[in-house]
Every structure is written in structure tokens, then in C-alpha cells.
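These notes are about the structure you will find just below.
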Amino acid sequence: MTEFKRPDGRALDEMRPVEAKVGIVPNADGSAMYKSGDTVAIAAVYGPRKMHPQHQQDPEKGQIRCTYNMMSFSVSDRIRPGISRRSTEISKITEWALEPVLMLDKYPNTVVDVFIHITQADAGTRCAGINAASMALAHAGIPMKNLVTSISVGKLDKTLVVDLTKEEEDFEEGEGPTDIPISMTPDGKITHLQLDGKIGVQQLKDVVDMAKKACEKVYDVQKDALKKSIEEKQ
Ligand code: UDP
């Protein structure tokens, strides 16, 4: 396990440099930026507001609706603007990752819209988007049981590494790469896990442990950014 050298020289359990800022879109009810290395996500929250189209209203509770978008210039091969299968999938899993912490029963017939834009992409964009969205929801004052934190853990051949870059995601030696984005609450409840590749049960447990440790750091960064935004207001 210690033999493997990461292209950017990081330790196996070391995340990329992280930055977060809350309150970056003045017109939104809540907003945030989360940056991990060269991956940058911004999230803007609007609502709760009346759900349109009306037939989608739920009289029992409010709903979250996420829209993930990778900007055309976020990678060097320009991305075709508009909805794709990939963006539809990531929008949906982002909703599922965040929904368990939201307390929307007091807002029947409404929707909380979360727009996530990836301005720069070097892998881990869904995780960065979830981290930004979680802070933006808190900033918007949406009642939440907790924040959601997200990180990707990868198995490169047989070695586990945290917070993969695109170069690492494309690693093609031995068994090839396995990418496992995981989202959880700070008390360790997993709200989202995807597995692209192959992994054994024991190693998957190690992956979850590694993700938990990294998510503790993500949580600290999110909390600091939220505190800072409150201090700046005062
Ligand atoms: N990517 C790209 N073009 C695309 C989709 C993805 O260049 O149309 C790159 C981008 O750097 C992205 C990475 O591939 O971050 C990994 O994408 P994946 O679908 O695995 O999701 P992510 O790791 O970003 O959550």
C-alpha cells in the first residue's frame, strides 16, 4: 500500500487543498463555493417557493430540486452546453444525498431549488457540488438536521487513495481504477455512495473509514466558512 506514488506527491489519505466561501451570489437566498484542488463548484439556493409545475406539488412537504451543470469551459475539451445523461444523474444523486438532512415538512407544496455550477473540473465535481450545496442550504436558512459532506475515494490497482484527480481517475494499470464518491453526515450516516468499478467487501469498509476521516476535514472547512459569513454580517 505504501509503494504507490501519487502523481501530485500527496499521501494516500491526503485531500487536495480545500477552500470554501459562503455568500457568493447576492441574488440567491443562500450560496457557497467549494474548491478542492482544481475542482471548483458554486451552489445557489432559491426557496422554499411554490412548486411549478403545480402537479408536482406535495401537500405533505416541500421538495428539493437540484440542477448540476458543468460549464462549457470547465475542462479543456469544451463541454456541450445543456442537459446530458451525466448531468441528469448527478442532479438526482445530489438530491438524494441532501434530502435526508432537510426538514421540509413545514413547507408543503414548495420547492427548494439548488443550482450547482462547476466552473473548473478536475474530478470529484459531484462531491464538490454536494459540499457547496450543503453550505448554501444552511446559508439560505433551510432547516437542516446536519450538514452533508462528500468525498471521493478511489482504488488505483490495489491501493486506496482519497480525493482523486482526473489523472488518477484515468489510471489504467493492473485492475484499473475504481471510483467511490461517498456523502455522509458528520455523525457518519451515509446518504450517498456510488461505485464505479470493482472492490471487495473488506476493502469497501476501508474505503468508508478513509472517507469518514476526510469528511471530518470537509466538515471543519464548511463550518468555518459558515461561521465567517455570520461574523462578516455582524
Ligand atoms: N469530465 C470531462 N468531460 C465530461 C465529463 C467529465 O472532462 O463531459 C472530466 C471532469 O474533469 C470530471 C471528471 O471527468 O471532473 C470525472 O467525471 P465523473 O463523471 O467521474 O464525475 P466527477 O468525478 O466529476 O464527480
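Both ligands and their constituent atoms are indexed starting at 1 by order of listing.
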Exercise. Indicate yes or no for a side-chain donor-acceptor contact from Asp29 to the backbone of Gly47 under 3.5 Å, with no hydrogens or angles considered.
Key: yes
Quiz prompt | atom 2 (C) of ligand 1 - nearest protein heavy atom and its distance | solution = Met70 CE, 3.9 Å
Self-check item: No-hydrogen, no-angle side-chain donor-acceptor test under 3.5 Å, Thr125 and Tyr68
Solution: yes
Quiz prompt | Lys/Arg-Asp/Glu bridge criterion (N-O < 4.0 Å) met for Asp38, Arg16 | solution = no
Exercise. Please report the C-alpha distance between Met15 and Ile151 in whole Å, then the side-chain angles of each, then the deciding distance to 0.1 Å, and finally whether the side chain to side chain contact (heavy atoms under 4.5 Å, CB included) criterion is met.
Key: CA-CA 9 Å; Met15 298 191 316; Ile151 196 80; 3.6 Å; yes
Self-check item: Where ligand 1 meets Ala121 - atom numbers and elements under 4.0 angstrom, heavy-atom basis
Solution: 10 (C), 11 (O), 15 (O)
Quiz item: So which heavy atom in the protein is nearest atom 16 (C) of ligand 1, and how far is it from that ligand atom?
Solution: Glu169 OE1, 3.1 Å
Exercise. Using a 4.0 Å heavy-atom threshold (strictly under), name the region of Arg126 that reaches ligand 1: side chain, backbone, both or neither.
Key: both
Quiz item: What protein heavy atom is closest to atom 17 (O) of ligand 1, reported as residue, atom name and distance in Å?
Solution: Arg86 NH2, 3.4 Å
Self-check item: Intermediate values then yes/no, side chain to side chain donor-acceptor pair (under 3.5 Å), Ser152 and Asp179
Solution: CA-CA 7 Å; Ser152 170; Asp179 180 23; 2.6 Å; yes
Quiz item: Heavy-atom distance to atom 4 (C) of ligand 1: which of Ile130, Ile90, Asp122, Ile79 wins?
Solution: Ile79
Practice problem: Would you please test Gln194 and His192 for side chain to side chain donor-acceptor pair (under 3.5 Å) and show each step? | Solution: CA-CA 7 Å; Gln194 287 177 287; His192 149 239; 2.9 Å; yes
Quiz item: Does ligand 1 have any atom sitting under 4.0 Å from a heavy atom of Gly124?
Solution: yes
Self-check item: Residue pairs, two or more places apart or on separate chains, that pass side-chain hydrogen bond (donor to acceptor under 3.5 Å, both in side chains) and touch residues 94-109
Solution: Lys92-Glu95
Quiz item: How far is atom 13 (C) of ligand 1 from its nearest protein heavy atom, and which residue and atom is that?
Solution: Lys166 CD, 3.6 Å
Quiz item: If you measure from each non-hydrogen atom of Thr125 to ligand 1, which part falls under 4.0 Å: side chain, backbone, both or neither?
Solution: both
Quiz item: When you measure from atom 7 (O) of ligand 1 to every protein heavy atom, which one gives the shortest distance, and what is it?
Solution: Val75 CG1, 3.5 Å
